[in-house]
There are 2 protein chains.
Amino acid sequence: MTGKNAGKNAGKNGAVRKDAVASIIEDWARERPELDTSPLEVLARLHRTFLRYNTRLTSAIDRHGLAVAGFDVLTALRRAGAPYRLTAGQLADSGLVSSAGVTLRIDRLEKDGLIVRERDADDRRVVYSRLTDAGLAKVDEVFAEHLDNERRMLAGLSPAECRQLARLLSKLERSIEETAVPDEG
Amino acid sequence: MTGKNAGKNAGKNGAVRKDAVASIIEDWARERPELDTSPLEVLARLHRTFLRYNTRLTSAIDRHGLAVAGFDVLTALRRAGAPYRLTAGQLADSGLVSSAGVTLRIDRLEKDGLIVRERDADDRRVVYSRLTDAGLAKVDEVFAEHLDNERRMLAGLSPAECRQLARLLSKLERSIEETAVPDEG
DNA sequence: CGAAGAAACCTTAGCCCTGAAACACATACG
DNA sequence: CGTATGTGTTTCAGGGCTAAGGTTTCTTCG
């Protein structure tokens with residue numbers, strides 16, 4: 001279902017070639033000219049770019065018999081350092097996912113022997129997830145390849161463009177977060 | 001707070017405050033200092049920013065009794081112009097989703113009376129989805145509010161920053177697309 | 001014509017996510 | 001010390017997505 005490889009290098013001098021979002025914006029200008037659709041320039045591109053990134057990511061991780069959701073948990077545990085242990089709540093925060101989602105992710109990883117659950121002795125509500133030796137080996141193997149895969153995806157941007165894009169995305173994340181309604185009312 | 005390499009983003013006006021991804025990169029530098037994690041500067045921020053965007057988007061659309069997946073189909077039909085009709089294949093391409101996914105989206109929208117399926121008379125394999133009057137009214141209502149919501153999310157960025165971000169995201173999408181392996185690798 | 005192959009869509013099986021409610025445990029307070 | 005309330009995790013119900021395979025319908029060509 002991937003698009004056919006259309007002609008490349010149509011533009012020069014860094015000119016921006018028309019992309020799918022530009023066409024979408026043109027469509028709206030024709031159909032509903034009274035609307036200001038400029039937010040789509042950023043956010044529709046964010047959406048589409050993420051979908052493409054996610055497709056690539058999923059198939060790369062999948063080759064190692066992992067799902068992105070599980071990989072996300074394994075990397076959070078790995079970068080926490082020895083003894084590679086976090087509570088379900090910490091994992092939920094770090095992955096921007098609900099606590100229900102974390103339970104399911106952990107279920108699957110435990111079934112595969114990559115992590116173990118351990119109850120806290122002091123506060124028996126708390127459940128830690130800890131990397132097993134197999135989980136540690138797996139994440140160290142897959143993460144290095146993951147970085148290589150990401151490097152390839154960024155090949156079309158210069159280092160300066162990457163820095164700029166990183167800065168702007170960070171600012172956008174903060175803007176989205178700060179303009180969220182805190183609660184109902 | 002080990003202040004080893006942390007001084008990088010201190011100090012100037014418009015300085016970038018440390019965000020979650022910066023912490024993640026510091027973690028990796030401590031745990032696996034031999035890896036070059038610079039791709040995360042861009043792509044982990046892309047991932048997290050999208051997740052936050054998607055959460056906001058979902059709750060806004062949900063207030064109208066719609067799912068993002070369905071809204072996506074409705075807008076594709078709306079901006080195609082009268083008679084607001086596209087094939088399942090066209091909808092799959094436009095939404096970057098599999099044809100199976102489109103079938104499910106269409107099922108739900110048809111059940112809600114927002115679209116109708118129509119078989120092509122000439123080629124009876126083809127199934128069009130067409131907006132009903134209710135669907136047209138719904139999408140015109142929700143889309144305008146959607147744009148306002150997106151405008152709020154972008155409030156923290158200047159117009160110049162938005163233009164720059166749009167350009168860089170477009171370039172990134174193309175880079176990801178072009179570096180994809182055409183087939184099994 | 002009629003069978004092979006291609007194309008468009010649908011079905012199935014499997015995994016993933018969320019919000020709300022349930023459950024287990026901790027803590028505060030009268 | 002025992003109920004009320006809060007916190008951390010799990011369960012449940014309801015969707016959503018994909019890959020792979022199935023069905024129906026064209027198209028091609030002997």
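So that the names make sense, note that chain A is the first sequence line, chain B the second, and so on, each numbered from 1.
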What nucleic acid atoms does [X] come within less than 4.0 Å of, heavy atoms only: base, sugar-phosphate, or nothing?
X: A:G89; result: sugar-phosphate
X: A:V97; result: sugar-phosphate
X: B:T58; result: nothing

Report yes or no: do B:T37 and B:R32 form a side-chain donor-acceptor pair below 3.5 Å?
->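 B:T37 vs B:R32: no donor-acceptor pair found between side chains.
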Looking at CG of B:L165 and CZ of A:R167, how far apart are the two atoms once the value is rounded to the nearest 0.5 Å?
->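 Between atom CG of B:L165 and atom CZ of A:R167 there are 9.5 Å.
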Mind calculating the distance between [atom1] ([X]) and [atom2] ([N]) to the nearest angstrom?
X: A:L109; N: D:dT9; atom1: CG; atom2: P; answer: 16 Å
X: A:D72; N: C:dC17; atom1: CG; atom2: C1'; answer: 13 Å
X: B:Y128; N: C:dA8; atom1: OH; atom2: C1'; answer: 12 Å
X: A:D107; N: C:dC16; atom1: CG; atom2: P; answer: 11 Å
X: A:D93; N: D:dT9; atom1: CG; atom2: P; answer: 10 Å
X: A:L66; N: D:dT18; atom1: CG; atom2: P; answer: 20 Å
X: B:I106; N: C:dA8; atom1: CD1; atom2: C1'; answer: 12 Å
X: A:F71; N: C:dC15; atom1: CZ; atom2: P; answer: 20 Å

Please walk me through it: do A:R105 and A:L91 pass side chain to side chain contact (heavy atoms under 4.5 Å, CB included)?
-> CA-CA 10 Å; A:R105 292 177 176 196; A:L91 287 169; over 6 Å; no
[X] has a side chain; which of [options] sits nearest to it?
X: A:A67; options: C:dC16, C:dC9, D:dT18; answer: C:dC16
X: B:A69; options: C:dC10, D:dG16, C:dC16; answer: D:dG16
X: A:V126; options: D:dT18, D:dT9, C:dC9; answer: D:dT9
X: B:S98; options: D:dT18, C:dC17, D:dT11; answer: D:dT18

Within the 6.0 Å centroid threshold, strictly below: B:F71 and B:H146 |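 Yes, the ring centres sit under 6.0 Å apart.
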Per the side-chain contact (heavy atoms from CB on, under 4.5 Å) rule, which among B:T103, B:V102, B:L104 passes with B:I106?
->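 So the option named by the test is B:V102.
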According to a strict under-4.0 Å criterion, is B:R117 in side-chain N/O contact with OP1 or OP2 of C:dC10?
->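 So the side-chain polar atoms of B:R117 do come within 4.0 Å of the phosphate oxygens OP1 or OP2 of C:dC10, strictly under.
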Do A:Y84 and A:V116 belong together in a cluster built from hydrophobic side chains that touch within less than 4.5 Å?
->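 Hydrophobic grouping puts A:Y84 apart from A:V116.
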Polar atom pairs (N or O), protein with nucleotides 20-28 of chain C, under 3.5 Å:
| residue | atom | partner | partner atom | Å |
| --- | --- | --- | --- | --- |
| C:dA26 | OP1 | A:R124 | N | 3.1 |

Given B:M153 and B:N149, is the side chain to side chain contact (heavy atoms under 4.5 Å, CB included) satisfied, shown in steps?
-> CA-CA 7 Å; B:M153 292 196 239; B:N149 190 32; 3.6 Å; yes
